Amino acid sequence: MPGSDFIVFGAPKIEQSEIDEVVRCLKSGWIGTGPRVAQFEREFADYKGVTAAAAVSSCTAAMHLSVLAAGIGEGDEVITTPLTFCATVNAIIHAGATPVLADIDPRTMNIDPEQVKAKVTARTKALMPVHFAGRACNMDALSEIAARHGLKVIEDCAHAIETEYHGRKAGTFGDFGCFSFYATKNVTTGEGGMVLTQNDEDLARIKMLALHGMSKDAWKRFSDEGYKHYFVVETGFKFNMMDLQAALGIHQLRRVESNWKRREEIWSAYNEAFFSLPLTLPAAAEPNTRHAYHLYPILIDEAHAGLTRDAFLATMTERGIGVGVHYLSVPEHPIYQERFGWRPEDYPHAMRVGRQTVSLPLSAKLTDEEVNRVVGAVKSAIPQASKGPASPVAAETVFT
Ligand SMILES: Cc1ncc(COP(=O)(O)O)c(C=O)c1O
């Protein structure tokens, strides 16, 4: 357990309304998949301005099921980014398809559409962009590539609940939008995920596959409507969300905007405080987009900052500040090197970012005093603090 004044990276902001709802759920006798999950699905769909959503056990499950529902499998390729959590790539592999990586734009840290174009083959069936840190991918360019080659788009929106791009909400561009409610995410259910799709058949299949492949509404078999027989129509998975988790999510979602506002304040405070340090700060959001402010990644280049990234991580931890690395690029991991022959150098932008990046605390739970502690710790950790910024970054943030 961390010490009492240790700032836990990504600590969720849990309030009394979540706690009360969880207690009510526990006392109700129905803690598994049930009415609270159905309510959370409806309210999440409303927030996103779509008609329906399917709650599942994680974003990993959401992506796995989306690939299957897209009819993608053995022999098919799905193009994604090397700067992501392993789950993105694993979901493609578990669905039986082959992941193909296209390098990032080093400024936005999102998949570069020009690199994607170079990776499209006759076997490509889908694009799986990740809205990294909550910053929208270039969806115009990606949608255009998808339309030209007849590809599905499965958006990894793990960081992107509040993200918007040119007036549209993340997760509604592609055929499938996949969200995470993991403990550190902008809305949390502890563990959990959601799929958005405009296609009713795909949605029904995802719900069915998420609960063993049992026929429609099998979760109601123990309800007061009387016992209902079900039939297993596909060999599905155990990827359902529980009412206990949805009890948290329903109240988390009600505060999604006020929590966003708090993270936006912290983001701006960091921009202002670190502007003159020899670090690379995250680029400001593009005009006519909305950043979800899920992560605040800074780059530590030893040549400018005077210490390595890993030394910086250790110093921050010593000072009681929890930090993250999002992410060592996917090709750095042995299993993918063995299986696909990937080498980090072949994705040089993702490799560099992955070796220099540090995510600072950005939870809505942070107090002003804790934000000041993070700022003080960063400033005192950088030996070259007087040398000025490592690269020109805009301290201002664009809101739309
Ligand atoms: C970019 C990205 N994709 C997918 C996932 C997987 O989400 P989950 O833990 O809900 O399966 C994560 C979780 O950290 C993530 O950051």
Side-chain angles (χ1 to χ4, degrees), residues 8-12 37 40 44 53-68 78-95 99 101-102 104 108-111 126-137 153-163 170-171 174 176-196 206 210 237-242 245-246 248-249 252-253 263 282 291-297 322-330 332-333 336 350 353-354 357-359 362-363:
V8 176
F9 182 85
V37 169
F40 186 41
F44 193 81
V56 289
S57 54
S58 67
C59 183
T60 311
M63 294 188 292
H64 182 168
L65 295 177
S66 296
V67 177
L68 292 178
V78 178
I79 299 177
T80 192
T81 168
L83 193 72
T84 186
F85 188 51
C86 57
T88 316
V89 165
N90 288 349
I92 298 168
I93 297 169
H94 289 317
L101 303 179
I104 56 164
T108 64
M109 301 189 186
N110 275 328
I111 196 166
L127 306 181
M128 199 182 270
V130 176
H131 302 290
F132 182 81
R135 182 194 180 91
C137 289
V153 176
I154 302 168
E155 296 174 67
D156 179 339
C157 300
H159 302 175
I161 289 176
E162 307 89 340
T163 302
F176 302 91
C178 302
F179 295 83
S180 174
F181 308 122
Y182 175 63
T184 58
K185 296 299 192 274
N186 294 353
V187 166
T188 186
T189 59
E191 297 280 0
M194 191 77 80
V195 186
L196 300 184
I206 283 171
F237 303 87
K238 191 67 171 62
F239 284 168
N240 54 309
M241 180 184 278
M242 299 192 296
Q245 296 165 298
L248 276 166
Q252 284 274 299
L253 189 60
R263 293 195 311 279
H291 201 299
Y293 301 125
H294 175 59
L295 298 173
Y296 188 90
V323 278
V325 171
H326 300 89
Y327 300 92
L328 260 192
S329 74
V330 173
E332 300 267 13
H333 299 291
Y336 307 115
V353 170
T357 194
V358 177
S359 299
L362 190 62
S363 162

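Sequence positions, counted from 1, serve as the residue numbers for this chain. Whatever order the structure lists ligands and atoms in, that order sets their numbers, starting from 1. These numbers come from a predicted model, not from an experiment.
- In this structure, the side chain of T357 does not engage the main chain of V325 through any donor-acceptor pair within 3.5 Å.
- The distance criterion of under 3.5 Å between nitrogen or oxygen atoms is not met by A87 with respect to ligand 1.
- Nearest heavy-atom pair, A62 versus V195, reported as atom, atom and distance to 0.1 Å: CB-CG2, 3.5 Å.
- Ring-plane geometry between H326 and H159 is classed as perpendicular, the angle between the planes exceeding 60 degrees on a 0 to 90 degree scale with a lower cut at 30.
- Against a heavy-atom cut-off of under 4.0 Å, T60 is close to the following atoms of ligand 1: 6 (C), 8 (P), 11 (O).
- Looking at atom 14 (O) of ligand 1, its nearest protein heavy atom turns out to be K185 NZ, 2.7 Å.
- Aromatic ring pairs are classed by plane angle as parallel below 30°, tilted from 30° to 60° and perpendicular above 60°; the pair F44 and F181 is perpendicular.
- Looking only at protein heavy atoms, the nearest one to atom 5 (C) of ligand 1 is F85 CD2, 3.8 Å.
- Of all atoms in ligand 1, listed by their number and element, those nearer than 4.0 Å to a heavy atom of T88 are 3 (N).
- At a 4.0 Å cut-off, at least one heavy atom of Y327 sits close enough to ligand 1 to count as contact.
- Atom numbering of ligand 1 starts at 1 in the shown order; those under 4.0 Å from a heavy atom of V130 are 1 (C).
- When hydrogens are left out, the protein atom nearest atom 2 (C) of ligand 1 is A158 CB, 3.4 Å; that is the closest non-hydrogen contact.
- Near T84, with a cut-off below 4.0 Å to any heavy atom, the atoms of ligand 1 are 1 (C).
- Rounding to the nearest 0.5 angstrom, the gap separating the NE2 atom in H294 from the OG1 atom in T184 is 5.0 Å.
- Ranking protein heavy atoms by distance to atom 3 (N) of ligand 1, first place goes to D156 OD2, 2.7 Å.
- Using a 4.0 Å cut-off between heavy atoms, H326 makes no contact with ligand 1 at all.
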inquiry  = As a quick check of understanding, evaluate ring-ring contact (aromatic ring centres under 6.0 Å, His included) for Y182 and F85, giving each step before the final call.
reply    = CA-CA 13 Å; Y182 175 63; F85 188 51; 7.9 Å; no
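- Within ligand 1, the atoms closer than 4.0 Å to a non-hydrogen atom of M63 are 4 (C), numbered from 1 in the order shown.
- Under the side chain to side chain donor-acceptor pair (under 3.5 Å) criterion, Q245 pairs with no residue at all, not counting sequence neighbours.
- For ligand 1, the atoms lying closer than 4.0 Å to a non-hydrogen atom of G192 are 10 (O).
- Rounding to the nearest 0.5 Å places CG of D156 at 4.0 Å from OG1 of T88.
- Geometrically, ligand 1 and Y182 share no nitrogen or oxygen pair separated by less than 3.5 Å.
- Ranking protein heavy atoms by distance to atom 7 (O) of ligand 1, first place goes to C59 CB, 3.2 Å.
- Looking at residues two or more places apart in sequence or on another chain, you find a side-chain contact (heavy atoms from CB on, under 4.5 Å) between H64 and L68, A91, H94, A95, F237, F239.
- Comparing heavy-atom distances from atom 10 (O) of ligand 1 across S180, S57, G193 singles out S180 as nearest.
- The structure places NE2 of H131 at 11.5 Å from NE2 of H291, a figure rounded to the nearest 0.5 Å.
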